[in-house]
Amino acid sequence: MSTHQPPRTDTPPLLNRPAFGTDFIWGTATAAYQIEGAVDRDGRGPSIWDTFSKQKGKIKTGEHADIACEFYDRYESDLRLHKELGLDHFRFSLSWSRILPDGTAPPRGGRINEAGLAFYDRLIDHCLRLGLTPWITLYHWDLPLALENQGGWPNRQIVDWFTDFVDVCTKAYGHKVKHWIILNEPLAFSVLGYFTGQHAPGRRGFWNLLPVIHNTALAQAEGGRMVRQNVPDAQIGTAFSCSPVDPFTPRDQNAAARVDALMNRLFIEPALGLGYPSDTLPFLSDIARKVAKPGDMERLAFDFDFIGLQHYFRAVVEQSLFMPYLWAKEVTALRRGVPVITEMGWEVYPDSMYRIIRQFSQYAGIKKLIITESGAAFYDTVQHGMVNDTARTEYHQQYLTQVLRARQEGLPVDGYFAWTFLDNFEWAEGYRPRFGLVYVDFRTQQRIVKASGRWFQQFLTAENETSKRL
């Protein structure tokens, strides 16, 4: 037995679980394609990420998620570990192509894969047996390939295809799952997938962008309405990637406003009935003129019970003549000489968490905010059977301190989901960046709880720890 002990990372004095209140939600967030594996088993159809990740040069490490964390087979033991860490809420997504291999539901000629439905049924039941509250994300980027072959998100029919998928899922699980997230980071999958081509399906071109934005915003609202119809007592939200935006110099104020409109306003404002932020990004006015059908603009709004904020870093930007329509570019953390940078190249800047909560809380139509993702990738190494990830522990402590600050000021932030539970397939970055509270050896599938995971365990079960010491 090793005598080495992980270095203790003390909790800041003001940070304790009771300070957040008894109703504050603690959990982790995951995504189907990033952890499940089993991509060709039990009737699952291919997704855009299955094919994209096999194309040369698309994934930085040349990897794919055919096996990933083997969560499909290991979910029972993984969820027990999740519960042991004191995290009582588990967010996961449903693989659209595992449930509807052809992408479409029976009314449109597709078929339901009963084995896929049964897997998530078992997963949900196991959560409930353990006392874990399941939170379902309906779309976390893994569009069925069959639908991409029919045009994907630029095709107006996607709104109906997605609403049918939501209908199938809510009828299957709505009697026991009461927390639903419609879309995960619509900005990311629309811009990176169909404009810059960095993510699946890897399409590029401005002509895709406006239809994708509009169809995504419509699907977000129609999906919400379908959940409300089938699960009247549900808590319904949607999750946005968001960052406060700072100008690099005083002359970059207008550039910062344009980036803020893209990063933070683009999908929340239509959902609130405010329309697209074309006041700051004039090209968006072409949606109403050239893309939308009669009645569409009114259909964009939906009364969400909560909004999920997925926050990691602030954005610092400057004017640029080389980025059409936006006329701005990011000033990287490295260029700015930031002292703490994650493996993703992101600045660790805790105050930005408070600022983004405050920014979104200014909207009159928002009832509740949940931090549905936050976390950091650092270079993790296993030494003496342990992973002493002090930097990640400090990240969560510092960002949680800012969440608490916002909550104590009366801002409506009611939960925190760490990204992520297990090290996983990090999209175009492959397996190298590790965000997990639990280390995964992808060769052996061994799990090792990192020091950050142990910190959460101690933080969330402090009463039990105290009684043990006594």
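Side chains are part of it too, since the values below use all heavy atoms of this structure and drop only hydrogens, waters and symmetry mates.
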Please indicate whether [X] has more than 12 foreign heavy atoms, meaning atoms of other residues, nucleotides or ligands, lying under 6.0 Å from its [atom1].
X: I67; atom1: CD1; answer: no
X: Y325; atom1: OH; answer: no
X: R108; atom1: CZ; answer: yes

Work out which heavy atom in [X] is nearest to a heavy atom in [Y]; give both atom names and the distance.
X: I356; Y: P244; value: CD1-N, 3.6 Å
X: D42; Y: N113; value: O-ND2, 2.8 Å
X: P134; Y: L128; value: CD-CD2, 3.7 Å
X: G103; Y: W96; value: O-NE1, 2.9 Å
X: S241; Y: L187; value: OG-CB, 4.3 Å
X: A406; Y: I357; value: CB-CG2, 3.8 Å

Quick one: do D50 and H64 satisfy side chain to side chain donor-acceptor pair (under 3.5 Å)? Show the steps, please.
-> CA-CA 7 Å; D50 294 316; H64 52 71; over 6 Å; no
So, are [X] and [Y] salt-bridged, with charged N and O less than 4.0 Å apart?
X: R434; Y: E426; result: no
X: R432; Y: E343; result: yes
X: K368; Y: D305; result: no
X: D414; Y: K367; result: no
X: K54; Y: D66; result: yes
X: D286; Y: K290; result: yes

Passes salt bridge (charged side-chain N to carboxylate O under 4.0 Å, His left out), D23 versus R407? Steps please.
-> CA-CA 12 Å; D23 58 345; R407 190 164 165 84; 2.8 Å; yes
Parallel, tilted or perpendicular: which one describes the rings of [X] and [Y], with boundaries at 30° and 60°?
X: F302; Y: F304; result: perpendicular
X: F20; Y: W26; result: perpendicular
X: H89; Y: H179; result: perpendicular
X: H82; Y: F90; result: perpendicular
X: W141; Y: H199; result: tilted

Verdict with supporting geometry, H214 and L300, side chain to side chain contact (heavy atoms under 4.5 Å, CB included) = CA-CA 9 Å; H214 185 57; L300 294 171; 4.0 Å; yes
For the side-chain hydrogen bond (donor to acceptor under 3.5 Å, both in side chains) test, which of T28, T30, N184, T420 pairs with R91?
->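 Output: one option passes, namely N184.
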Hey, does [Y] have a side-chain heavy atom less than 4.5 Å from the side chain of [X]?
X: R203; Y: E148; answer: yes
X: I181; Y: L138; answer: no
X: R355; Y: Q359; answer: no

Taking only residues two or more places apart in sequence, or in another chain, which ones meet [X] in a salt bridge (charged side-chain N to carboxylate O under 4.0 Å, His left out)?
X: R454; result: none
X: R265; result: E269, D279
X: R129; result: none
X: D125; result: K176

Between [X] and [Y], is any side-chain donor less than 3.5 angstrom from a side-chain acceptor?
X: S374; Y: Y395; result: yes
X: S47; Y: D142; result: no
X: W180; Y: Q235; result: no
X: D167; Y: Q229; result: no
X: R289; Y: S285; result: yes
X: E185; Y: Q310; result: yes
X: H396; Y: Y416; result: yes

Report the distance from atom OG1 of T238 to atom CD1 of I268, rounding to the nearest 0.5 Å.
-> 8.5 Å
Could you state the interatomic distance from CH2 (W153) to OH (Y194), rounded to the nearest 0.5 Å?
->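 The OH atom of Y194 is 8.0 Å from CH2 of W153, to the nearest 0.5 Å.
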For D303 and R228, what are the C-alpha separation, side-chain angles and deciding distance, and is it a salt bridge (charged side-chain N to carboxylate O under 4.0 Å, His left out)?
-> CA-CA 10 Å; D303 186 20; R228 184 74 74 211; 5.6 Å; no
CA sep, side-chain torsions, deciding dist, call: K178, D233, salt bridge (charged side-chain N to carboxylate O under 4.0 Å, His left out) = CA-CA 7 Å; K178 302 303 177 183; D233 58 342; 3.2 Å; yes
Show your reasoning for whether salt bridge (charged side-chain N to carboxylate O under 4.0 Å, His left out) applies to E76 and R122.
-> CA-CA 9 Å; E76 291 188 348; R122 295 192 301 272; over 6 Å; no
Does the ring center of [X] lie less than 6.0 Å from the ring center of [Y]?
X: H140; Y: Y33; answer: no
X: F165; Y: Y139; answer: no
X: Y72; Y: F119; answer: yes

Taking only residues two or more places apart in sequence or in another chain, which ones pass side-chain hydrogen bond (donor to acceptor under 3.5 Å, both in side chains) with E222?
-> R225, R299
Does the D296 side chain pair with the main chain of K293, one donor and one acceptor, at a distance under 3.5 Å?
-> yes
Please step through side chain to side chain donor-acceptor pair (under 3.5 Å) for the pair Y75 and E36, ending with a clear verdict.
-> CA-CA 9 Å; Y75 71 90; E36 283 181 3; over 6 Å; no
Among F92, F306, Y173, find the one that has a ring-ring contact (aromatic ring centres under 6.0 Å, His included) with W135.
->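 When F92, F306, Y173 are each tested with W135, the ring-ring contact (aromatic ring centres under 6.0 Å, His included) holds only for F306.
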Taking ring pair (Phe, Tyr, Trp, His ring centres under 6.0 Å) as the test, write out the residues that go with F52, two or more places apart.
-> W49
Positive for side-chain contact (heavy atoms from CB on, under 4.5 Å) with F162, one of L183, N215, L147, L143 =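 The side-chain contact (heavy atoms from CB on, under 4.5 Å) with F162 is passed solely by L183 among L183, N215, L147, L143.
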The side-chain contact (heavy atoms from CB on, under 4.5 Å) partner of L437 among V449, D423, L81, L87 is L87
